[in-house]
J.: 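Structure incoming, see below.
Computation of the quantities below employed the complete heavy-atom set of this structure, encompassing side-chain atoms and omitting hydrogens, waters and symmetry-equivalent molecules.
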Amino acid sequence: MERREQRAAAVERLDGVTRERFLRDIYPRRKPVVLTGLELGTCTTKWTIDYLSQAEGSKEVKIHVSAVPQMDFLSKNFVYRTLPFDAFVRRAAEVKHKEYFLTEDEKYYLRSVGKDVRKDIADIRKQFPILAEDVHIPEYFEKEQFFSSVFRISSAGLQLWTHYDVMDNFLIQVTGRKRVVLYSPRDAPYLYLSGTKSEVLDVDNPDMEKYPLFVKAKRYQCVLEAGDVLFIPALWFHNVISEEFGVALNVFWKHLPAESYDKTDTYGNKDPMAASRAIQILDRALKTLEELPEDYRDFYARRMVLRIQEKAYRNDYG
């Protein structure tokens, strides 16, 4: 089986970027960048395993538990379990477990959610109010644009599936180290998508027999150390590998008009309303083409693709 690793372009790292510079020089480029030297509060020094365990105590949290390092949301190769927060933190920091659900080397992942996941967004100020006091979120967007602040804890070695979000966000690495692999929205044709997620789990050693086009996607990569902040523009695909046990905070904000977003979206990953309608229309159009013989169906499908390219494709990507 042929396997081939992509070459990676380094994500730019910039130190001490002010709000004004970010909005003027960086944000309009719509490319990922690692921001260093920002004031994030006392979390970067206080959030030890002992402190985390004591600060929020034994409140129950719902977590992902996986027997393998590469978690796959499409096949659901993990289970959901509930643990007291202090017990979860200590387990997530272990390599081998005396107590476990699946295997002694299982991986743990917490992605905080609202009280009612169907209605409430994740907000560290509500779900983890004591820890929230230690965090200073960079104020690079207006307060009314705020959507969510997602508290995350990962076991060492855990890898999350490649996906995109529909909102701009900061991935704030508070403790530990992460490696992040990213792909531009324009490379979506090569990522074998199922909804917002890529079927390619192992981005380091992809199966080229199964995913031959994947090698065409340009790979960007960065390593986040404690205190680093990664700006991930909306629609950029990202795959996150926790090289160490670590704690992070993901902050999402709305950069499109509020009415553009699906009001039932509590995770920030449902396609904008206009995009959802367009996809539904396309699905109906493709269904209509099934009424034609194969050669006609092929011809008119290609004409549709050409219309889409002419009307919607950008030609100014860098």
Side-chain angles (χ1 to χ4, degrees), residues 11 22-23 26-33 35 64 71-74 109 111-114 116-124 137-138 140-152 160-172 180-200 203 217-218 220 222 229-240 248-283 308 311-314 316-317:
V11 175
F22 178 78
L23 294 176
I26 300 169
Y27 189 67
R29 289 159 41 190
R30 309 301 297 160
K31 289 188 175 182
V33 63
L35 306 174
H64 302 67
M71 290 179 60
D72 180 5
F73 196 84
L74 295 175
Y109 172 56
R111 188 249 188 242
S112 65
V113 294
D116 183 340
V117 296
R118 295 168 298 179
K119 298 178 181 179
D120 303 322
I121 56 102
D123 188 341
I124 191 174
I137 296 173
Y140 287 12
F141 52 91
E142 301 297 332
K143 284 183 170 57
E144 60 267 21
Q145 291 179 277
F146 172 84
F147 177 73
S148 66
S149 51
V150 183
F151 184 61
R152 302 181 190 271
L160 295 181
W161 53 89
T162 304
H163 68 283
Y164 71 86
D165 301 297
V166 300
M167 297 183 190
D168 292 336
N169 70 92
F170 283 144
L171 175 55
I172 302 170
V180 185
V181 176
L182 305 107
Y183 299 95
S184 165
R186 67 172 174 173
D187 283 340
Y190 313 130
L191 298 180
Y192 296 87
L193 298 184
S194 178
T196 63
K197 304 163 186 68
S198 170
E199 295 179 8
V200 185
V203 295
K218 183 176 180 181
Y220 296 80
C222 63
V229 177
L230 173 61
F231 168 55
I232 307 177
L235 308 183
W236 272 77
F237 297 87
H238 45 287
N239 180 288
V240 181
L249 184 66
N250 233 168
V251 181
F252 293 83
W253 67 90
K254 298 178 179 181
H255 62 290
L256 301 178
E259 61 272 16
S260 301
Y261 298 101
D262 189 325
K263 291 181 173 57
T264 66
D265 185 7
T266 58
Y267 286 86
N269 58 11
K270 288 188 177 182
D271 291 318
M273 299 295 287
S276 295
R277 291 197 303 272
I279 291 171
Q280 291 170 3
I281 292 168
L282 175 61
D283 287 340
I308 292 172
K311 297 290 185 182
Y313 275 28
R314 289 177 56 185
D316 59 343
Y317 276 107

J.: Salt bridge (Lys or Arg N to Asp or Glu O under 4.0 Å) with Arg277: which residues, sequence neighbours excluded?
T.: none
J.: Determine, step by step, whether Val229 and Leu171 satisfy the side chain to side chain contact (heavy atoms under 4.5 Å, CB included) criterion, reporting the C-alpha distance in whole Å, the side-chain angles of both residues, the deciding distance to 0.1 Å, and the verdict.
T.: CA-CA 6 Å; Val229 177; Leu171 175 55; over 6 Å; no
J.: Determine whether the side chains of Asn269 and Asp165 contain a donor N or O and an acceptor N or O closer than 3.5 Å.
T.: no
J.: Using a 4.5 Å cut-off on heavy atoms from C-beta on, say whether the side chain of Ile121 contacts that of Tyr267.
T.: no
J.: Do Pro32 and Trp236 touch side chain to side chain, with heavy atoms closer than 4.5 Å?
T.: yes
J.: Any side-chain heavy atom of Phe141 sitting closer than 4.5 Å to one from Leu23?
T.: no
J.: Carefully, step by step, assess Val11 and Leu182 under the rule side chain to side chain contact (heavy atoms under 4.5 Å, CB included).
T.: CA-CA 9 Å; Val11 175; Leu182 305 107; 3.8 Å; yes
J.: Using ring centroids (six-membered ring only for Trp), state whether Phe231 and Tyr27 fall under 6.0 Å.
T.: yes
J.: Taking Asp187 for the side chain and Lys218 for the main chain, is one N or O donor matched with an acceptor at less than 3.5 Å?
T.: yes
J.: Ring centres of Phe146 and Phe252 under 6.0 Å apart?
T.: no
J.: What is the ring orientation for Trp161 with Phe73, classed by angle as parallel under 30°, tilted 30 to 60°, or perpendicular over 60°?
T.: tilted
J.: Heavy atoms only: give me the nearest Ala234-Pro185 pair and the separation to one decimal.
T.: O-CG, 4.5 Å
J.: Does the Asp265 side chain pair with the main chain of Gly268, one donor and one acceptor, at a distance under 3.5 Å?
T.: yes
J.: Is there a side-chain contact between Leu191 and Val200, using heavy atoms and a 4.5 Å cut-off?
T.: no
J.: Do Leu249 and Ile124 come within less than 4.5 Å of each other through their side chains, counting heavy atoms only?
T.: yes
J.: Please report the closest heavy-atom contact between Leu256 and Tyr261, naming both atoms and the distance.
T.: N-OH, 3.0 Å
J.: Mind checking what makes side-chain hydrogen bond (donor to acceptor under 3.5 Å, both in side chains) contact with Asp123, not counting sequence neighbours?
T.: Arg125, Ser149
J.: Side chain to side chain contact (heavy atoms under 4.5 Å, CB included) for Asn250 and Phe151? Distances and angles first, verdict last.
T.: CA-CA 7 Å; Asn250 233 168; Phe151 184 61; over 6 Å; no
J.: Let me confirm one number: the OG-NE2 distance from Ser260 to His255, rounded to the nearest 0.5 Å.
T.: 9.0 Å
J.: So which heavy atom on Asp120 is nearest to which on Thr266, and how close?
T.: O-CB, 3.8 Å
J.: Can you tell me which residue among Arg30, Gln145, Lys254 is in a side-chain hydrogen bond (donor to acceptor under 3.5 Å, both in side chains) with Asp168?
T.: Arg30
J.: What is the distance from atom OH of Tyr313 to atom CZ of Arg186, rounded to the nearest 0.5 Å?
T.: 12.5 Å
J.: List the residues meeting side-chain hydrogen bond (donor to acceptor under 3.5 Å, both in side chains) with Arg111, not counting sequence neighbours, and say none if there are none.
T.: none
J.: Give me the ring orientation class for His64 and Tyr109: parallel if the planes are under 30° apart, tilted from 30 to 60°, perpendicular past 60°.
T.: tilted
J.: Checking Asp271 now: which residues fulfil side-chain hydrogen bond (donor to acceptor under 3.5 Å, both in side chains) with it, not counting sequence neighbours?
T.: Tyr164
J.: Would a 4.5 Å heavy-atom cut-off, applied to side chains only, mark Val203 and Tyr183 as touching?
T.: yes
J.: Is the ring centre of Phe170 less than 6.0 Å from the ring centre of Tyr140?
T.: yes
J.: Met273 and Glu259: which non-hydrogen atoms are nearest, and at how many Å?
T.: CG-O, 4.1 Å
J.: side-chain hydrogen bond (donor to acceptor under 3.5 Å, both in side chains) with Asp262: which residues, sequence neighbours excluded?
T.: Thr264
J.: As an exercise, state the distance from CG of Leu230 to CD1 of Ile172, rounded to the nearest 0.5 Å.
T.: 10.5 Å
J.: Among all residues two or more places apart in sequence or in another chain, which pass the salt bridge (Lys or Arg N to Asp or Glu O under 4.0 Å) test with Glu142?
T.: Arg19
J.: May I ask you to test the Thr162-His238 pair for a side-chain heavy-atom distance under 4.5 Å?
T.: no
J.: Over all heavy atoms of both residues, which pair between Ser184 and Phe237 is shortest? Give the atoms and the distance, please.
T.: O-CD1, 3.9 Å
J.: Provide the closest heavy-atom pair for Leu74 versus Ser198 in the form atom of the first, atom of the second, distance.
T.: CD1-O, 4.0 Å
